[in-house]
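Chain A is the first sequence line, chain B the second, and so forth, proteins listed ahead of strands; every chain is numbered from 1.
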Amino acid sequence: MSHALHEPILDWYSANNRDLPWRTPDASAWAVVVSEFMLQQTPVARVLPAYTAWLERWPTPAALAADEPGEAVRMWGRLGYPRRALRLHGAATAMVDRHDGEVPREHADLLALPGVGEYTAAAIASFAFGQRHIVLDTNVRRVIGRAIDGVEYPPQATTPAERRTATTLLPATAETASTWAVAIMELGALVCTAKSPKCVGCPIAALCAWRLAGKPAYTGPPRRGQTYAGTDRQVRGRLLAVLRDSAEPVDQAALDAVWDEPVQRARALDGLVADGLVEPLAAGVYRLPAGPLSDSTSSPRRSDSSESASNSVSPSR
DNA sequence: AACACGTGGAT
DNA sequence: TATCCAAGTGT
C-alpha cells in the first residue's frame, strides 16, 4: 500500500540525508547499536566523536563485554545519562552470553537487551537488518502529529493511535519500509523541528494538516520542563565526573568537595551505587564498577567482613 | 503513569 | 539569563 506522503518524503530524503557514519553500508549492526544508545536523548553533533572513539576501542560486542563496565562509564565521558553506558555494556554481555557474540536480529531478542526499549529495538531491526518495523521516535511522532493529526506536538507518551497511524504509513516491502523509517525521522530532525519548523522547503507542506489549519498552538497538558541546577542529577553528574577523571579509586574527601549539602550529596552517591555506576571499595573509598570479570584477571579484592558500608552492587537489569 | 535520569548548544 | 530540547528507558 502506498501513501501520498511516501514519494515526497523518500525523494526528499535521497537528496537531503546527512552522511552519518552509522548509515554507511559498512556500518556493522554493532555500530548501529552503539549509535542508537548514544543518540537516546543526545544530539547527533555530540554523539559523533564519542561514537568513533567507542567503536575504535570496542569494535565488537565481545570486545566491550571483555572490559569492565566501569571502563564503559569512563569512555562515555560527558555524553549524559551514563546509565546508558552500563546498559550498553550489559547488552554486549548478553549478546556474548545468549547470541554467540552477535547482535540479535529478532525484535523480541533486541527488546530483551538492557537499555533497548520499543524505539531502539525497532530502530536496530530496521536500520541494521533492513526489516519492516514502525520506528517511533520523537521526530517521527512530531511529523505524524503535524502532518496527519494536525497538532503541533504529539502526546507525552506514545499512544496506540500513533502506532496505528505509523503502521498505516509503513510501506509494504521491508526495503522501502526501512528507508521510509529513516527518511521520516530525518525529516523531523532537519525540517519539521520542534521549535522553528522549516515549512518553507518541506516536501509535504502542501499536505500538512497542521500547516493547513494555520499552525494552531499546542493545547495539551503542559510539557515537562527539565530543571537541572540544584537537583540530584547535577550532584550525581559531579560525583561521577570525579570518578571518571581519576584512574585510581577516590576517597570520600574528593567526593565531598563537589557539593556542600551533605544530605543531598549522600543521597546522590547512594543512588549512583544503587544504580551500579559507582562501586564502594572499602569504607569511604569508591571507584567505577569493576564488574565480575576483573576479579580473576586483575588485582584480587578482599572479601572479608571489614567492609561496613551497605551496598547492593548489582548491574542494573 | 508520572518521574528520574546528564549535558550543553540554541534561542 | 532562562528555557527549551536532543534518535528514550526503566520503574
Side-chain angles (χ1 to χ4, degrees), chain A residues 17-18 20-23 31-51 73 76-88 90-91 110-128 133-143 152-160 178 181-190 192-197 218 221-244 258 264 267-268 270-272 274-278 314-317:
Chain A
N17 71 81
R18 290 169 291 181
L20 300 173
W22 45 85
R23 288 182 186 163
V32 173
V33 169
V34 170
S35 76
E36 290 302 335
F37 270 77
M38 290 185 169
L39 287 164
Q40 291 170 2
Q41 300 283 285
T42 305
V44 166
R46 203 178 318 159
V47 164
L48 251 12
Y51 166 89
V73 174
W76 200 254
R78 305 190 66 80
L79 269 187
Y81 290 148
R83 295 194 283 202
R84 292 181 291 166
L86 227 39
R87 290 173 181 155
L88 182 51
L110 290 165
L111 199 53
L113 299 171
V116 176
E118 176 184 356
Y119 160 75
T120 303
I124 295 168
S126 182
F127 303 155
H133 293 279
I134 58 170
V135 181
L136 277 176
D137 79 322
T138 188
N139 293 303
V140 176
R141 296 181 60 224
R142 190 172 53 246
V143 172
E152 184 175 20
Y153 299 117
Q156 295 224 190
T158 304
T159 64
S178 61
V182 69
I184 189 172
M185 189 179 309
E186 188 79 336
L187 184 66
L190 297 184
C192 194
T193 53
K195 202 175 262 179
S196 304
Y218 175 75
R223 306 154 80 218
R224 304 184 42 69
Q226 314 165 315
T227 54
Y228 183 65
T231 62
D232 286 7
R233 274 152 85 173
Q234 183 180 27
V235 185
R236 288 167 57 108
R238 288 192 183 182
L239 290 170
L240 204 57
V242 172
L243 277 296
R244 259 198 328 259
V258 308
Q264 187 180 25
R267 184 175 63 232
D270 283 352
L272 288 170
D275 289 347
L277 283 163
V278 173
S314 57
S316 59
R317 297 295 289 179

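Atom name P, nucleotides C/dT9 and B/dG8: the rounded distance is 23 Å, in whole Å. The gap from the P atom of B/dC3 to that of C/dA7 amounts to 23 Å, rounded to the nearest Å.
Put simply, the side chain of A/Q234 gets close to the backbone of A/G230: a donor and an acceptor are under 3.5 Å apart. Using modelled atom types, one side-chain atom of A/T42 and one backbone atom of A/Q40 make a donor-acceptor pair closer than 3.5 Å.
At the heavy-atom level, A/R142 lies under 4.0 Å from the strands shown only through sugar-phosphate atoms. Counting non-hydrogen atoms under 4.0 angstrom, A/S35 reaches nothing in the nucleic acid. A/Q156 comes within 4.0 angstrom of no nucleic acid atom, judged by non-hydrogen atoms across all strands. Across all strands, A/L272 comes closer than 4.0 Å to no nucleic acid atom at all (heavy-atom distances).
At a cut-off of 3.5 angstrom, the base of B/dG6 holds at least one donor-acceptor pair with the side chain of A/T42. Side chain A/R233 to base B/dT7: no donor-acceptor pair is found below 3.5 Å.
Between A/R23 and A/E186 there is a side-chain heavy-atom pair separated by less than 4.5 Å. Proximity of A/Y119 to A/T158: side-chain heavy atoms (C-beta onward) are nowhere separated by under 4.5 Å.
Here the side chain of A/P82 is nearest to one of B/dT7, B/dG6, C/dA6, namely B/dG6.
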